[in-house]
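Heads up: the structure comes next, in structure tokens.
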Amino acid sequence: KKDEQGREVVASVLVSANNEAIFGTNDFNYQTIRITVRPGYNAYPDKFIFTIAHELCHKILHSLDRDRRNDEQDERETDIAAVLSGFGNSYAASKNVDEGLGYLKIDEAQYLKHKADKTLARIKKARSRQYREYVRFRQQYEEKIQFLNALYDASNLRTESE
């Protein structure tokens with residue numbers, strides 16, 4: 001099977017404009033997602049991982065925008081979503097071996113991966129800083145925290161025995 005651009009379709013996922021569960025809801029979390037992979041599709045791990053990530057991103061994007069058209073732009077945006085979702089290494093490794101893979105050029109994917117990595121590094125650094133501040137706070141006020149916890153426990157015991 002080939003798509004409109006003449007590319008061989010190796011995997012697909014069904015998306016519906018009418019009853020697609022919205023990403024982030026319980027309905028989305030508990031739905032069954034069927035990804036169809038062409039029989040005999042033989043791919044090394046990074047290529048297979050990215051293929052599955054790409055198909056899952058179709059489900060996410062179509063759940064958020066039910067009027068999305070299934071065209072070249074949708075495929076490019078789906079690759080972008082997969083790369084930004086953390087699958088940039090798999091895409092880059094696959095693209096280096098199979099230039100026909102995907103809808104982004106290798107330099108586009110590497111640029112997106114670099115931007116995503118920088119953003120994640122900033123988030124990790126901020127989270128580490130906040131955790132260190134929390135640890136310092138706990139150490140500074142440990143006695144007061146223990147006293148308040150003991151007071152709280154004592155008030156619960158009193159209430160239960162009355």
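None of these values were measured; they are calculated from a predicted model.
- Other residues, nucleotides and ligands contribute only 12 or fewer heavy atoms inside 6.0 Å of the CZ atom of Phe147.
- In this structure a side-chain-to-backbone donor-acceptor pair under 3.5 Å is missing from Glu75 to Tyr103.
- Judged by distance alone, the side chain of Lys113 and the main-chain N or O of Gly86 form no donor-acceptor pair under 3.5 Å.
- Relative ring orientation between His54 and His58 is described as perpendicular, the plane-to-plane angle rising above 60° on a 0-90° scale split at 30° and 60°.
- Across every non-hydrogen atom of Leu61 and Glu77, the tightest pair is CD1-O, 3.9 Å.
- One N or O on the side chain of Ser63 and one on the backbone of Phe23 form a donor-acceptor pair closer than 3.5 Å.
- Enclosure of atom CZ in Phe28 by more than 12 non-hydrogen atoms of other residues, nucleotides or ligands within 6.0 angstrom is indicated.
- Atoms CG and CZ, on Asp117 and Arg122 in that order, are 11.5 Å from each other to the nearest 0.5 Å.
- Residue pairs meeting the side-chain hydrogen bond (donor to acceptor under 3.5 Å, both in side chains) criterion with at least one member in residues 132-148, sequence neighbours excluded, are Glu142-Gln146.
- When all heavy atoms of Lys59 and Val15 are compared, the pair lying nearest together is CD-CG1, 3.8 Å.
- The two residues Asp46 and Ala93 have their closest heavy-atom pair at OD2-CB, 3.4 Å.
- Side-chain atoms of Ser94 and Tyr44, non-hydrogen and from C-beta on, do get closer than 4.5 Å to each other.
- In this structure, CD1 in Ile22 is found 8.5 Å from CG in Asp27, a value given to the nearest 0.5 Å.
- Put simply, the side chain of Glu108 gets close to the backbone of Lys105: a donor and an acceptor are under 3.5 Å apart.
- Tyr91 has its ring centre less than 6.0 Å from the ring centre of Phe50.
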